[in-house]
Amino acid sequence: MEQITVRLPDGSERQAARGTSVREFIAEKIGPGLAKAAVVARLDGEMVDLSRPLESDTRLEVLTTKSPEALEIARHDAAHVMASIVQRLYPGTQVTIGPTVEDGFYYDFFREQPFTPEDLEKIEKAVNEEIARDLPFVRSEVSAEEALKLFESKGERFKVEIIHDIVAKGAKTLTLYTHGDWVDFCLGPHGPSTKKIGVVKLLNVAGAYWRGDPRNPMLQRIYGTAFFDKKELDAYLTRIEEAKKRDHRKLGPQLGLFAFHEYAPGSAFWLPNGSTLLHTLHEAMRNLVLDNGYQEVKTPQLFNKRLWETSGHWGKYRENMFLVVDSETDPSLPLEERCTQSLKPMNCPSHHLIYRMTKRSYRELPVRYFTTDPLHRNEASGTLSGLTRVRQFAQDDSHIYLMQQQITEEVGAIFNLMKLVYGSVGLPFTAKFSTRPEMRLGEDAMWDKAEGSLREALEATKLDWELQPGDGAFYGPKIDFDVTDSLGRKWQLCTIQLDYAAPERFDLSYIGSDNSEHRPVVIHRAIYGSFERFVAILIEHFGGAFPAWLAPVQARLVTVAERHNAYARQTGARLRKLGFRVEVDEANEKLGAKIRDAQIQKIPFTCVVGDKEVEQGGVSPRRYAGEDLKLMPLESFVALLGQEAALPYGA
RNA sequence: GUCGGCGUAGCUCAGCAGGUAGAGCGUCUGCCUUGUAAGCAGAGGGUCGCGGGUUCGAUUCCCGCCGCCGGCUCCA
């Protein structure tokens, strides 16, 4: 029999008979232990089933239950099993698609009756029983006609639609995967059998439009996850619990930071502690950018629609704008005609107006405007969510007007600010570079230059970045930044965007050294993104336990008994005079209870004040983390606070 | 906007086959004068999200609306 050569990741090579399956090869030529742990394999980089025969010389990599990619395969297996169970338990339900997502999988079903939480429990139980049956996944290939016949006979109209699409793209054959008596077509690969999946947990049901289009039928999406090991599942569920505890929507009101009221959906009420936090962030950022050549500006809230016609928002963005009736218009006119004004959803147009108020020389470029004006966007009601998706918010927004040749340096300067800011709160970040989309404005030469400048700036930062070809805005390429919080979750924060369209629309210009007019380029950028969203991220990142410089209350003095109150009051006043945010707890409670209160409020320092402290003129601070710093003179505590409460930027 | 779930005291939640509600914590008052995560006792607190319908009677059943939660869509 003809031999082929299989190279393994360690560089070694083994011979095998042509036609040997991957599974056999692993068992015979590598080891039975590995064969048992194997889920899928990679042949010359392509993911394949273990049943795949080895046809020619190849590189082989075995993916076991330790591999994250294998876990993804197992979750896809789980989606198949779940779909089969749903169709068994709820006959008449039609299947659609069921991909894996981060941390799990889902499957979309078409069924008139909604699935209830009890249904989910039932399904989950049956899925895990099915997994225990150890049914092999069997791959087969059929012609497109056969596949169509098969799914038409089952009345699976969504599957039929997908097959038609695949055929239209030129496919002649389709792969089917069968486990038990349930069949689905699927690119694969799949694991060897249901047992390999491990354990499945169903999480929730949600509506989803077929193919994401609101005009299509509404499907029911069941979300679930799977892990090879029950312990890993439990760890995952614990992580979800932990994330829930840190949920800014829960901590915000608890810590007196912000709240919402149904009279103003999507607009936060900033409570005293939250206002303090906002103020700290605002001051730090404002000082930082003013030190870096930015100028603060403030512009109106309400604008005549002609501004939005100029900017293009009236045509493209009106849905999201709060329109305002002009009381001086004729009341008998239709409402739309009376709405000649709008609250601003973005700052850029009004900044362009400022730029245009005087003639500009190349000598003053870059011109950098900074503002934190409130913005209003009429987001669809169903999208509102805590502070992360709101209708009123403020960005640390800047628009920079500069010459083409200044872009690289300017973007580099923005990176440096970001590094400083994100670094100060311990948020690592990565970048996504989005280049020219198909539908775009401007010539290729312009895009070449724009993308070149951004790429050059990006490379100079030595940051991790990935390319997203075609994802740029229609008027310019952009860089998006993701930060990763302490729970490993990613958040998209801010964007650096080049804009070549606005200067045209607003007829922006500067006089160059050649004494003629030129178009500047505009950079849109924010670092916090919006204060609202940034605060939400910080709350969850720190679990509400802010470092002293951010904490709304930096220290609380707690008295042991009533006779210490006067000293505590006096000491608190002294600390406040030095600029620290300090409160005094004079309540008639036991020390333990007061400490507990301060801990619940997650205050960085709780200072015990009793006989010893009064006598020696000191305090006994304890950190939120629990560390007892013991009795120290007040000056020592002032020095400590001074250090930890200092702004890490913009001081 | 849309699908599903939810809405009872400041918070967490119980309750009601239809007869206008209850606990713990917090709040207030009193006692205790307290040393590193909850002292004791008493009191107060609710238009059971809002509006309509059915009913002798609705927090409970029905309809509409509002808000929140999980998705989808959207997200310069």
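Chain naming here is simple, since letters A, B, ... match the order of the sequence lines and numbering starts at 1 in each.
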Please measure how far the [atom1] atom in [N] lies from the corresponding atom in [M], and state the result in whole Å.
N: G26(B); M: C16(B); atom1: P; result: 28 Å
N: A38(B); M: G24(B); atom1: C1'; result: 12 Å
N: A14(B); M: C72(B); atom1: P; result: 28 Å

Check: What pairs with K159(A) under side chain to side chain contact (heavy atoms under 4.5 Å, CB included), at least two apart in sequence or on another chain?
Finding: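 Residues passing side chain to side chain contact (heavy atoms under 4.5 Å, CB included) with K159(A): V95(A), Y107(A), F151(A), E156(A), D184(A), F185(A).
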[X] has a side chain; which of [options] sits nearest to it?
X: P214(A); options: G1(B), U73(B), U36(B); value: U73(B)
X: M218(A); options: A76(B), U36(B), G71(B); value: G71(B)
X: D628(A); options: G71(B), U36(B), C68(B); value: U36(B)
X: A561(A); options: C74(B), U33(B), A38(B); value: U33(B)
X: I600(A); options: C72(B), A37(B), U33(B); value: A37(B)
X: Y209(A); options: G71(B), G1(B), A76(B); value: G1(B)
X: T383(A); options: U33(B), C66(B), U73(B); value: U73(B)
X: L591(A); options: A37(B), C72(B), G35(B); value: G35(B)

Could you check whether [X] gets within reach of a base, just the sugar-phosphate, or nothing at all, counting any heavy atom under 4.0 Å?
X: G610(A); answer: base
X: R622(A); answer: base
X: L384(A); answer: sugar-phosphate
X: K594(A); answer: nothing
X: G386(A); answer: sugar-phosphate
X: D611(A); answer: base
X: G382(A); answer: base
X: R563(A); answer: sugar-phosphate
X: Q113(A); answer: nothing
X: T559(A); answer: nothing

Check: With a 4.5 Å limit on heavy-atom distance, are the side chains of R318(A) and L323(A) in contact?
Finding: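 Side chain of R318(A) against side chain of L323(A), heavy atoms only: contact under 4.5 Å found.
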Next item on the list: Determine whether P253(A) and F260(A) make a side-chain contact, defined as any pair of heavy atoms from C-beta on separated by less than 4.5 Å.
Entry: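 Sidechains of F260(A) and P253(A): no contact.
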Item checked: Selection: residues 236-261 of chain A, any non-hydrogen atom under 4.0 Å of RNA chain B -> R249(A)
Report the distance from atom [atom1] of [X] to atom [atom2] of [N], rounded to the nearest whole Å.
X: I595(A); N: A37(B); atom1: CD1; atom2: P; value: 6 Å
X: E589(A); N: U36(B); atom1: CD; atom2: C1'; value: 15 Å
X: N204(A); N: C3(B); atom1: CG; atom2: C1'; value: 13 Å
X: E627(A); N: A37(B); atom1: CD; atom2: C1'; value: 17 Å
X: R211(A); N: C74(B); atom1: CZ; atom2: P; value: 15 Å
X: Q601(A); N: G26(B); atom1: CD; atom2: C1'; value: 12 Å
X: W314(A); N: A76(B); atom1: CH2; atom2: C1'; value: 17 Å
X: W210(A); N: G71(B); atom1: CH2; atom2: C1'; value: 17 Å

Using 4.0 Å as the upper bound for N to carboxylate O, is an ion pair formed by [Y] and [X]?
X: K490(A); Y: D485(A); answer: no
X: E644(A); Y: R623(A); answer: yes
X: K298(A); Y: D373(A); answer: yes

Next item on the list: Answer yes or no: does a side-chain N or O of Y223(A) lie under 4.0 Å from OP1 or OP2 of C72(B)?
Entry: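 Result: yes.
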Note to self: Against the six-membered ring of F105(A), is R75(A) placed for a cation-pi contact (under 6.0 Å from the centre, within 45° of the normal)?
What the structure shows: no
Check: For F110(A), is the NZ or CZ atom of R157(A) found under 6.0 angstrom from the centre of its six-membered ring and inside 45 degrees of the ring axis?
Finding: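 R157(A) over F110(A) ring: yes.
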Item checked: Parallel, tilted or perpendicular, as decided by the 30° and 60° cut-offs, for the rings of F227(A) and Y236(A) ->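 Judged by the thresholds at 30° and 60°, the geometry between Y236(A) and F227(A) is tilted.
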Margin query: Taking atom types as they are modelled, would you say the side chain of R377(A) forms a donor-acceptor pair with the base of C74(B) within the 3.5 Å cutoff?
Written below: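 Answer no: no donor N or O sits under 3.5 Å from an acceptor.
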Check: In this structure, are over 12 heavy atoms from other groups packed under 6.0 Å from E72(A) atom CD?
Finding: no
